[in-house]
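All values below come from the heavy atoms of this structure, side chains included, with hydrogens, waters and symmetry mates left out. Whatever order the structure lists ligands and atoms in, that order sets their numbers, starting from 1.
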Amino acid sequence: MSAYRLLFLGFAMLSSALGLRAEPTPGKRAVTAGEVRATPEEPGIAFNSVHVDGPYIAMTFDDGPSATLTPKLLDLLAAHHIKATFFVIGENVAEHPEIVARAAREGHEIANHSWSHPNLGKMSDDSVRRQLRQTDDAIKNATGKRPTLMRPPYGSITTREKRWIHDEFGYDIILWDVDPYDWKRPGPAVVRARILKETRPGSIVLSHDIHPGTIEAMPSTFDELEAKGFKFVTVSELIKMAAARSSHPSPQPSDNVLPNAVGSPSPTPSPASSPN
Ligand SMILES: [Zn+2]
């Protein structure tokens, strides 16, 4: 083989390798009812869970606010002195800004979950930008503060989107490592059992404050998580703990921390019909 051909072959192999590393587009594997793309983490930008020294976890509630269920949940959280994070839908914020304002006033974190819950991984940048901007504005109007986190509906987002969204909005992209599949409405006992089984220090627990069974599951779920020694913080607080931890590398062993770190596996793909 001539040197020229070798050179050409090398170039072809390199470009194909580069092509393989590019983010697979969601179109490659059509998202149909019953499946969704897994979403890999991006260190420092996207989190499924967080590496922390201590029994800290973040409870997250998506797709609200709900006119009836979110106030009930806020009462429960207040009774337990628990701070949670709400990934809200812009449309719902516009409809019930007073509920979002109450949640923020009571110390909960309000974060962006898009305007109308579309599959961001399949949309143009401009459409994604509108979804996030409108919701960002609605949250600012309701609470006086802009959010710093977003969660893509269905966990569907490309690596490229994660980067530009992070650059443009300053958002961290928040996924989850505990999923009780509460949107399938399996009943409060199952929701509770799944959360209790999977939650580790640093976990980000996904559920939805738009399903009655989820709200019903929460009092005993909170009781039992507390009994196990878990402490509840917002997602931003959890991330800050990880940052503080990595900027102070300590020599003491941290065997009490379970291997549930940034860089851990993606969340189990969940059906596209999931209102995550
Ligand atoms: Zn959702």
Item to complete: With sequence neighbours left out, write down each residue that passes ring-ring contact (aromatic ring centres under 6.0 Å, His included) with Phe169, or none if nothing qualifies.
Response: Tyr171

Practice prompt. List the steps and the verdict of side-chain hydrogen bond (donor to acceptor under 3.5 Å, both in side chains) for Ser66 and Asp209.
Written response: CA-CA 7 Å; Ser66 145; Asp209 53 329; over 6 Å; no

Discussion item. Any N/O/S atom from His208 (main chain or side chain) under 2.8 Å of the Zn ion (ligand 1)?
Written reply: no

Fill in: Heavy-atom side-chain contact between Pro71 and Ile99 under 4.5 Å
yes

Item to complete: Would you indicate whether the side-chain heavy atoms of Glu109 and Leu149 approach each other to under 4.5 Å?
Response: yes

Worksheet item: For the Zn ion (ligand 1), which N, O or S atom of His113 is at the shortest distance?
Response: NE2

Fill in: Metal site the Zn ion (ligand 1): N/O/S of Asp63 inside 2.8 Å
yes

